[in-house]
Amino acid sequence: MWERERVSEKNVDTMQYRFDGPEQAPVLVMGPSLGATWHMWDRQIPELTKQWRVFRFDLPGHGGAPAHPAASAGDLATRLLATLESLGVHRFGYAGCALGGAVGIELALRHPERLASLALIAASPRFGTADEFRQRGVIVRTNGLDPIARSAPERWFTGGFAAAQPAITEWAVQMVRTTDPGCYIAACEALASFDVRAGLGSVGVPTLVLVGSEDQVTGPAEARTLVAGIPDARLAVVPGASHLVPVEQPAAVTDLLVRHFSTAWQPLPEITTGHVVLPAAAPRPPQAPGVAPPQPAPVAEIAPAAVPPQVQGSPDPYDTGIKVRREVLGDAHVDGILEQTDAFSEDFQQLVTRYAWGEVWHRPGLDRRTRSCITLTALVAGGHLDELAVHTRAALRNGLTPDEIKEVLLQAAVYCGVPAASGAFRVARQVIREETTLPE
């Protein structure tokens with residue numbers, strides 16, 4: 001009934017995976033959330049394998065998978081397709097949670113011919129702000145995964161569930177704690193750069209958008225944005241569930257997935273892949289594995305949204321610059337500058353954005369870590385401590401550790417002078433304390 005394979009340590013193009021279910025059944029792929037492994041779907045497997053051959057995969061560095069970091073959700077989608085290709089799976093349904101949902105959207109946009117149906121769980125077209133995930137990466141780089149692991153139950157589960165299910169809560173903590181830190185940081189960067197709001201109208205497969213009513217990470221508002229943008233989408237809100245809704249309300253999620261994939265499996269294209277069209281599901285008996293869930297809310301039809309117009313022509317250096325500026329300095333800082341810009345300072349801000357960020361910072365000759373080292377040294381030499389605070393935060397986002405920033409400032413002390421470095425150490429120490437402390 002099931003198979004499991006760990007991919008080669010040398011093969012970065014494929015992923016660690018597991019099959020469950022009959023070999024001749026249509027394939028249903030299930031993608032996990034950041035910090036979770038394929039075991040987050042364990043309670044869905046007995047019912048789903050009655051009709052599907054379920055393929056589960058682990059993200060890089062999760063669950064013992066080889067630690068080959070992926071740069072983006074699109075990169076993860078490419079690796080997933082390479083794995084499925086190697087197994088002869090050409091067309092499939094897909095259900096993904098959070099980061100796994102982002103992978104599903106990338107598949108729908110880049111390879112729509114491969115998808116028969118799609119389910120997006122606790123997903124969003126843009127996950128919070130880039131700053132939030134980059135700060136999480138800074139925390140992991142500085143303190144390891146333990147602070148993130150200890151706070152995982154608060155993000156993933158309602159308080160009542162966490163208190164009533166201590167074994168599952170501890171399982172969640174250990175699952176995050178044993179993830180490879182470098183792969184976790186890379187996944188944070190992937191979520192920070194993920195933004196498909198302008199492309200939702202191009203998702204052309206039947207889509208179920210499923211969310212827990214108490215999800216504080218990607219809640220009902222984000223789910224409604226997905227439904228409004230995807231032409232053939234339905235919304236299901238599961239009461240009494242938070243972010244990791246397949247774990248907290250397994251029976252409700254299973255029931256919704258069975259209904260969706262049984263009735264919204266897109267017909268095969270003219271050139272078939274050997275998979276059969278899925279028949280309608282038989283009625284499912286009640287199931288309550290461990291936790292008795294409430295009945296899910298009805299699935300509601302939502303009218304399709306208009307597709308945003310596409311921008312024509314070559315990109316403006318300003319557009320590149322504002323993107324790089326936000327990635328390096330953070331949305332909050334850039335928004336604050338733009339809000340204070342008036343007619344007198346507007347030309348200066350245009351110049352900085354176009355040429356400092358759209359040209360120099362965007363050049364491929366140096367990576368951003370190196371540029372941060374150079375910038376910190378120059379600011380120490382010039383005594384620009386206000387800007388030093390901004391660029392210390394930027395250096396942390398760009399991958400420098402506090403110890404590496406310390407080494408840069410020690411180097412600057414020798415060549416720029418001890419008094420200048422003394423003030424720089426005070427500023428940098430305060431910034432590092434603020435940025436590497438987990439938010440309440």
>> Using a 3.5 Å distance criterion without hydrogens, assess whether the side chain of Gln44 forms a donor-acceptor pair with backbone atoms of Pro246.
In response: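 Flag set: sc Gln44 to bb Pro246 pair under 3.5 Å.
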> Between Thr218 and Ala122, is there a donor-acceptor pair closer than 3.5 Å when you use the side chain of the first and the backbone of the second?
Replying inline: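 Pair found, side chain donor or acceptor close to backbone of Ala122.
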Applying side-chain contact (heavy atoms from CB on, under 4.5 Å), can you list everything that pairs with [X], at least two apart in sequence or on another chain?
X: Arg114; answer: Leu81, Glu85, His90, Phe92, His111
X: Pro181; answer: Val140, Leu145
X: Ala389; answer: Arg393, Val427, Val431
X: Ala394; answer: Val328, Leu329, His391

Which residues share a ring-ring contact (aromatic ring centres under 6.0 Å, His included) with [X], sequence neighbours left out:
X: Phe425; result: none
X: Tyr184; result: none
X: Trp357; result: Trp361

Residue pairs involving [range] (criterion salt bridge (Lys or Arg N to Asp or Glu O under 4.0 Å); sequence neighbours excluded):
range: residues 363-377; value: Glu327-Arg368, Arg369-Glu404
range: residues 328-338; value: Arg126-Asp331, Arg326-Asp331, Arg326-Asp335
range: residues 162-188; value: Asp146-Arg177

>> Distance alone, cut at 3.5 Å: any donor-acceptor contact between the side chains of Asn398 and Ser372?
In response: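 Yes, a side-chain donor-acceptor pair sits under 3.5 Å.
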> Is it true that Asp42 and Arg56 have a side-chain N and a carboxylate O under 4.0 angstrom from each other?
Replying inline: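 The answer is yes: the pair qualifies as a salt bridge.
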> So, are Lys323 and Asp319 salt-bridged, with charged N and O less than 4.0 Å apart?
Replying inline: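 Not counted as a salt bridge, because no side-chain N and carboxylate O are separated by less than 4.0 Å.
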>> One pair to check against side chain to side chain donor-acceptor pair (under 3.5 Å): Thr158 and Glu248. What are the steps and the verdict?
In response: CA-CA 8 Å; Thr158 60; Glu248 188 163 6; 2.4 Å; yes
> With sequence neighbours left out, which residue pairs that include part of residues 120-145 fulfil the ring-ring contact (aromatic ring centres under 6.0 Å, His included) condition?
Replying inline: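 Every pair satisfying ring-ring contact (aromatic ring centres under 6.0 Å, His included) with a residue in residues 120-145: Phe127-Phe194.
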>> List the residues meeting side chain to side chain donor-acceptor pair (under 3.5 Å) with Glu407, not counting sequence neighbours, and say none if there are none.
In response: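 Glu407: no side chain to side chain donor-acceptor pair (under 3.5 Å) contacts found.
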